[in-house]
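Presented below is the structure to which this report refers.
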Amino acid sequence: MKPVRTRFAPSPTGYLHVGGIRTALFAWLLARQAGGAFVLRFEDTDKKREVEGSREHLIKSLLTLGLEYDEGPDIGGPFAPYTQSERLQSYQTWAQVLIDTGRAYADPYTSEEVQAFREQAQAEKKPFLYRNHRPENPPKWDGSTPLRFKSEPKDYRWEDAIMGESRAGAEAVDDFILIKSDGFPTYNFAHIIDDHEMEITHVIRGQEFISSMPNYLNLYEALEFEIPILAHAPHVLGPDGKKKLGKRDGAKDVLDYIRDGYLPEALVNFIASLGWNDGTEQEIFTREELIEKFSLERVQRSGARFDEDRLLWMNGHWIRSLNLDELYARTLVIPAKAGIQSVDSSRSDHISYWPKESENYPESYKKQVLGLIQERLKYFKEIPELTAFFFEDLPVNRELIDGNKQLKKFEHAELKGWLEQAKASLQESDFSAANLTERLNELLEATGQKPGVLFSLIRIATTQAPFSPSLAETLAVLGKDTALRRIDAQLAAL
RNA sequence: GGUCCCGUCGUCUAGUGGUCCAGGACGUCAGGUUCUCAUCCUGAAGAUCGCGGGUUCGACUCCCGCCGGGAUCACCA
């Protein structure tokens, strides 16, 4: 049994969005599960489409999610180089093998001529097959024209680890281009050479390549290469459930999610469970559980829709599962945007998720605050709006009391009286949560009011926020000076 | 249009001939937890299993047709 070697082979032409990284995750999972190797390879044979900075972006995305690769363009490995534009010699060598065995020939037509053939076929409502125009005596290939594969059409049946038993007729096999006239190989040729030379055992990629499988199978045979295990994953669909997810649908790339404060754990869990489950009712999986339980056979064959609500829920779950110190450490740094600058990338004036006003507060204070909001935090970018009142006195907002369904039925004078009572009691408190709770309960009796009334009143006075964590805990964190100062401000406004 | 793939609650899915008048999760709605928001708990609504034929004692599960959706038909990957 050969050691498992999987690869992720993106072309550096743009962002790595959630749909794209799923195949990377699957490949990584398989490699880790088998104790094999996960390889990163850049397929940059189309210089025109290359996007500046996308290599860095791709690498950063992978690493941020914890999908470490064992061999790759930047770290090398036993089969280096891992960038196709640096492997031209290999393609040249194998192309010569094909020429020598009569399985490749120079394309004598201009692209206009080929286009004419194509249009002619279309007019006759017949599928266009280049091989129907295969020249009888092709010129010797000198590199100035495309080099084509001389196919041997036949029906194919093959096993796809995800899609199951697959088949296609001979009409799907054609003479495709191996090497372009610019000297670079096509994907169709290059990836097969690379996978072979790099000893890749599992090819996992998007379903857009399924229809090319007969061509690849034909090439593998001509080259006498062993065919790796093949797996084609369905696309992740956009919110409308129709088109595949892409940047232009507003699909954010992976790093956008990270920057918004989504945890890698949640993203990995979410992406893995988009179209995969282990057959039980388990929804939350750690990275280790995924490595242990993942299998291509259980990957759904139909495309799954990207459901942001579910991601949000999952992220909240993972945030709650972290201990406070760990969670706090994660809120300290907003990862820098690597590679491509997103047009809508947010301002970079914040280096942490905490609001500006928090910078003069000690870490211990911020940790207490975080402890109070942990169970209501869905993603880190929400921290400022959830915590603002812990760091600054917000202006008195009359609407909070006048619009409160419990409080609006009382006269201001009455509310003022209760707040005065509260102030008097709180002045005597040591502001420990226990003492605060005790005094708050006494106040309930003294005023004869329900918590819904009294606590709402004090909560609004001390936070000026529409919602906040529970009263005693909030007061304890806020501290005596701040709490009393804010009560005075509220009193003055009533 | 040719070829290939797919089709279970709004969404992600469990389900491989009977235990399914279809189970779980997200979302939604209602109730509970000394106040708000959230968490947590409980409950509810929500799928004639795309449609129509077969096969079978019996089909979400097998077969055929249809419809719908997707992918692909480049000197892009």
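Letters go in sequence order (proteins before strands), and every chain restarts at 1. These numbers were taken from a predicted model, which means no experiment stands behind them.
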Rounded to the Å, how far apart are A:Glu119 CD and B:rG2 P? 20 Å
Considering only nitrogen or oxygen atoms on both sides, find all protein atoms under 3.5 Å from nucleotides 62-66 of chain B and state each distance.
none

Partners passing salt bridge (Lys or Arg N to Asp or Glu O under 4.0 Å) against [X] (at least two apart in sequence or in another chain):
X	result
A:Glu124	A:Lys126
A:Glu86	none
A:Arg41	A:Glu43, A:Asp194, A:Asp195

Results of ring pair (Phe, Tyr, Trp, His ring centres under 6.0 Å) for [X] - residues two or more places apart only:
X	result
A:Phe26	A:Phe294
A:Phe285	A:Trp276
A:Phe270	A:Phe306
A:Phe117	A:Tyr109, A:His133

Sort and list the pairs that fulfil ring pair (Phe, Tyr, Trp, His ring centres under 6.0 Å) and have at least one residue in residues 147-177 of chain A, not counting sequence neighbours. A:Phe149-A:Phe176
Between A:Asp175 and A:Ser151, does any side-chain donor sit less than 3.5 Å from a side-chain acceptor? yes
Where do N or O atoms of nucleotides 73-77 of chain B meet protein N or O atoms at under 3.5 Å, pair by pair?
{"residue": "B:rA74", "atom": "OP2", "partner": "A:Arg118", "partner atom": "NE", "Å": "2.8"}
{"residue": "B:rC75", "atom": "O2", "partner": "A:Ser181", "partner atom": "N", "Å": "2.8"}
{"residue": "B:rC75", "atom": "O2", "partner": "A:Ser181", "partner atom": "OG", "Å": "2.8"}
{"residue": "B:rC75", "atom": "N3", "partner": "A:Ser181", "partner atom": "OG", "Å": "2.9"}
{"residue": "B:rC76", "atom": "OP2", "partner": "A:Lys180", "partner atom": "NZ", "Å": "3.1"}
{"residue": "B:rC76", "atom": "O2'", "partner": "A:Asp46", "partner atom": "OD2", "Å": "3.3"}
{"residue": "B:rC76", "atom": "O2'", "partner": "A:Arg49", "partner atom": "NE", "Å": "3.0"}
{"residue": "B:rC76", "atom": "O2'", "partner": "A:Arg49", "partner atom": "NH2", "Å": "3.3"}
{"residue": "B:rA77", "atom": "OP1", "partner": "A:Thr45", "partner atom": "OG1", "Å": "2.5"}
{"residue": "B:rA77", "atom": "OP1", "partner": "A:Lys180", "partner atom": "NZ", "Å": "3.2"}
{"residue": "B:rA77", "atom": "OP2", "partner": "A:Tyr187", "partner atom": "N", "Å": "3.0"}
{"residue": "B:rA77", "atom": "O3'", "partner": "A:Glu43", "partner atom": "OE1", "Å": "3.2"}

Sugar-phosphate, base or nothing in reach of A:Gln300, heavy atoms under 4.0 Å: sugar-phosphate
Over all strands shown, is A:Ala172 touching base, sugar-phosphate only, or nothing at heavy-atom distances under 4.0 angstrom? nothing
Between N or O atoms, less than 3.5 Å apart, protein on one side and nucleotides 23-25 of chain B on the other: list the pairs.
{"residue": "B:rG23", "atom": "O2'", "partner": "A:Glu281", "partner atom": "OE2", "Å": "3.2"}
{"residue": "B:rG24", "atom": "O4'", "partner": "A:Glu281", "partner atom": "OE2", "Å": "3.2"}
{"residue": "B:rA25", "atom": "O4'", "partner": "A:Glu283", "partner atom": "OE2", "Å": "2.9"}
{"residue": "B:rA25", "atom": "O2'", "partner": "A:Arg310", "partner atom": "NH1", "Å": "3.2"}

Letter by letter from the 5' end, nucleotides 33-39 of chain B scores (B base, S sugar-phosphate only, - none; protein heavy atoms under 4.0 Å) -BBBBBS
